[in-house]
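Here's the structure we're looking at; comments come further down.
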Amino acid sequence: MTDLLLSQVKVGGESQFGTDEYVVNLGPQHPATHGVLRLIVKLDGETVKETMPVLGYLHRSIEKICENRTYPQCITYTDRIDYVSAMSVNLAFALATEKLMNIEAPARAQWLRMIFVELQRLASHLLWMGAFAGDIGALTPFLYGLRERERILDLFEMTCGQRLTYNYIRIGGVMIDILPEFVPKCRAFLDYFEPKVDEYEDLLTYNPIFLERTKGVGIIAPEVGINAGVCGPSLRGSGIACDVRKQQPYLYYDQMKFNECIETAGDCWSRYKVRMNEMRESVSIIRQCLERLEPGSFEAKMPPVLKAPVGSEIYSRIESSRGEMGVYLVGDGTAKPWKSKYRCASFSNLYVLDQLTKGWKVADIMAVLGSLDMIVPEVDR
Amino acid sequence: MDAQAMLEKITAKFPGAVKGSADRFGQLEIQLEAKSIADVIAFLRNDSELAFNMLIDIVGLDYSAFPGHTGDRFAAVYLLKSLTLGHRAQLKVTAPEDKPEVPTISHLYANANWCEREAYDQIGIKFVGHPNLKRILNHHEFVGHPLRKDYPITRRQALSANESLMDEMAVRLKERGWE
C-alpha cells in the first residue's frame, strides 16, 4: 500500500509535483494532538515519510510521587494518569493493592465498581468519538458525544461529587454508597442512551466522507500490532481477541453475558466500529449489574494503616477504556509502596503510529492518531 | 500450559540460566541470569507451546536499602503475555550497581525499544545493544535517574536547552530504508 501511494507522487525517483522534503514540528500545542504530544514529521510534499513522537511534555513522575505516599493517598494520583477514564485507573490500583494485602471487597462494592467502570467506558468512548470525528472534520458528533457524556458525569457527581477525577473506587470498596435514586436514574439513562448509539452510527458509520477518511487508512497488521504490544480496541480492530475481561476475568465479569467486539480490517474505521459496538456491550453489562446489585456493605473491614508484606510483588491488570491497564507494586512492609509502575495502553499504542502513517498524507496522521484513542497523560505519566 | 510445566520446560532448555522462581499472586516469576535474557525470551516467543507473543512492559527496580535485600541493586522485570494461549509470565534479571547492564530485547519486540528507554531513563539500567538508548520521558539535559531510591523527591533541575532530535530521526529514516 505504501509503495503504491508513493508511486503516485513520484516518477522515476523525482517528485512529479516538484515537492521538497522537509521536517515539520506538530505540537506540543497542536489542538489535534489531544494534549501535549509532539510529533516531528518528515514530509515529502504532503506525503509522510516518518512520524516521530516526542514524549515527556506531561511527565509528572507520578510513580515517584506514589512511592512517597501511602496506598490510599496514591488513588488520587491514579486519577491523573488517565483523566478521561479515571475510574478504570482507580480500579486497577485498588485491585492490585487488595491482592497484595489480602483484602476482599464485599459483593455490593464489586457490583458498584463494575457499574461505574462501565459507565466510565461509555463516557470515555463518547469523548473519543467526538474528538476522533472532530479530528477528521466532522464537528457535530463532538456535541452529540458531550451531550450524553454530561448525563453520565451527572450520575458520577451525584454519587461522589466529582465530574472528572473521582477518587471513588477505594482500597477495600468504594468511597460511599449510591443514593437510592441512583438506580432508577441510571436505568433511565441507559434507556435514553441505547438508541443514541444508533443515532451516532447513522451520522457517521456509512457517511461517505467519513468512509473516505477512515476506510483502509492506517492498517495495523495483526502481527505488527501484537509485536508492538498494541492492546484494547485498537488491536481488536485488527481481529485479535485480547479483552482482559474475557481472558483473565476480574470482579464479576466471568458471570456477565457480553460479546468481545472484534473487527477484522485493522483500519481506522474498524477501530471506530469496535468502540461503537463496545458501547452497546457496556450498556448490557450495566443493566446486568443493576439487576444483580445486592444490599450490603460497600467497604471491607480494614486495619487503620494499610501495609503490604515485605517483598510482595504483584502485576495486576484490568481492561480500561483504552486497553490493558496494569499496575506493578512492590511492598516493603511500610504503608507506602516501594515501587509503583503503571503500564498504560496508550504508551504501546502510540509506538505503532509511525508505521501506520508512513506513506499517507499529513492529514491522515490526525485520523490515525485519533483512531488509536491515545491519552497523553497516560503516555507520559 | 500451567506454571509448573512452563518452569520445567524452560529449566530443561536453559539449565544454567534459571536461578529461581516465585509465585506472584498466581503469576509465575522466573529469575534468570542477565546475560541469557535475550535467548530465553526468544525461545519463549518462538516455542509453539509457550508462544509469548506480546511484551506487556519492562519494569525497572532499585532495591537499594530494601529491607532484608542482599544481592544486586537493580532488577528488570519483563512482563510477557501469550495472546494465542492466554497465559502470562514474568521474568526477572538483576544487575549490579557498578555495572547495571542487561542485554537488549528490542530486536524481539518492537515496543521493547521504548520500554527499555524508559527503564534506562528512570532507573539507569543500560540495555546493551539497544539501537538508540536515550532518555524518553525526562529532559535530555536531566542529570541522574529520578526513580532511583537515592534521588531525593524534592530535587529540582531547571532545564531549558532545545534538543534537535535529528539524531533520532536519522536512525529511523535509515531503518525504514528512506535514506
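Proteins come first, then strands; the chains are lettered A, B, ... in the order of their sequence lines, and each starts at number 1. Here the structure is a predicted model, which means the values were calculated and not measured.
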On a heavy-atom basis, which atom in L147(B) and which in S61(A) lie closest, and how many Å separate them?
CD2-OG, 4.0 Å
How many angstroms lie between atom CD of Q90(B) and atom OH of Y328(A), to the nearest 0.5 angstrom?
4.5 Å
Side chain, backbone, both or neither: which part of R45(B) has a non-hydrogen atom closer than 4.5 Å to chain A?
side chain
Intermediate values then yes/no, side-chain contact (heavy atoms from CB on, under 4.5 Å), K339(A) and I123(B):
CA-CA 12 Å; K339(A) 171 80 188 174; I123(B) 297 278; 4.2 Å; yes
Residue T51(A) versus chain B: region with a heavy atom under 4.5 Å
backbone
Could you tell me which of W114(B), Y151(B), Y109(B) has the largest number of non-hydrogen atom pairs under 4.5 Å with chain A?
W114(B)
Euclidean distance, E63(A) CD relative to E118(B) CD, rounded to 0.5 Å:
6.0 Å
So, R381(A) and Q122(B): side-chain donor and acceptor under 3.5 Å apart, yes or no?
no
Near K19(B) NZ, under 6.0 Å, is it more than 12 heavy atoms from other residues, nucleotides or ligands?
yes
What is the distance from atom CG of D380(A) to atom CG of N138(B), rounded to the nearest 0.5 Å?
10.0 Å
Considering residues, nucleotides and ligands other than D254(A), do more than 12 of their heavy atoms fall under 6.0 Å from its CG?
yes
If you draw a 6.0 Å radius around CD in E141(B), do more than 12 non-hydrogen atoms from other residues or ligands fall strictly inside?
yes
Minimum heavy-atom separation for K81(B) and V244(A), please, with both atom names.
NZ-CG2, 4.4 Å
Nearest heavy-atom pair of F66(B) and G311(A): which atoms, and what distance?
CZ-N, 3.6 Å
Nearest 0.5 angstrom please: R24(B) CZ to L100(A) CG, how far?
10.0 Å
Turns out that what part of E223(A) lies under 4.5 Å from chain B's heavy atoms comes down to neither
I need the residue from Q247(A), E313(A), R343(A) with the largest number of non-hydrogen atom pairs under 4.5 Å to chain B.
E313(A)
Tell me, out of L55(B), D121(B), L108(B), L83(B), who's got the most heavy-atom pairs with chain A below 4.5 Å.
L83(B)
Interface check, chain B: of Y315(A), Y351(A), Y57(A), most non-hydrogen pairs under 4.5 Å belong to Y351(A)
Measure the CZ-CG distance between R117(B) and L55(A) for me, rounded to the nearest 0.5 Å.
7.5 Å
Considering all heavy atoms, the nearest R148(B)-K64(A) contact
O-NZ, 3.0 Å
So, taking the atom named CD in E324(A) and the one named CG in D57(B), what distance separates them when rounded to the nearest 0.5 Å?
9.5 Å
What part of V54(A) is in contact with chain B, defined as an atom under 4.5 angstrom from a non-hydrogen atom: side chain, backbone, both or neither?
side chain
If you compare all heavy atoms of P67(B) against all heavy atoms of D332(A), which two are closest, and at what distance to 0.1 Å?
CG-O, 3.6 Å
Between L80(B) and chain A, with a heavy-atom cut-off of 4.5 Å, which part of the residue counts as in contact: side chain, backbone, both or neither?
neither
How about K13(B): does its NZ atom have over 12 heavy atoms from other parts shown lying under 6.0 Å from it?
no
Is the number of heavy atoms from other residues, nucleotides or ligands within 6.0 Å of NZ (K307(A)) greater than 12?
no
Can you see which heavy atom on F347(A) is nearest to which on I136(B), and at what distance?
CZ-CD1, 4.3 Å
Note: vs chain A, highest number of non-hydrogen pairs under 4.5 angstrom among H139(B), M169(B), Q27(B) is M169(B)
Quick check on the interface: out of L235(A), V230(A), N227(A), T334(A), who has the most heavy-atom pairs with chain B under 4.5 Å?
N227(A)
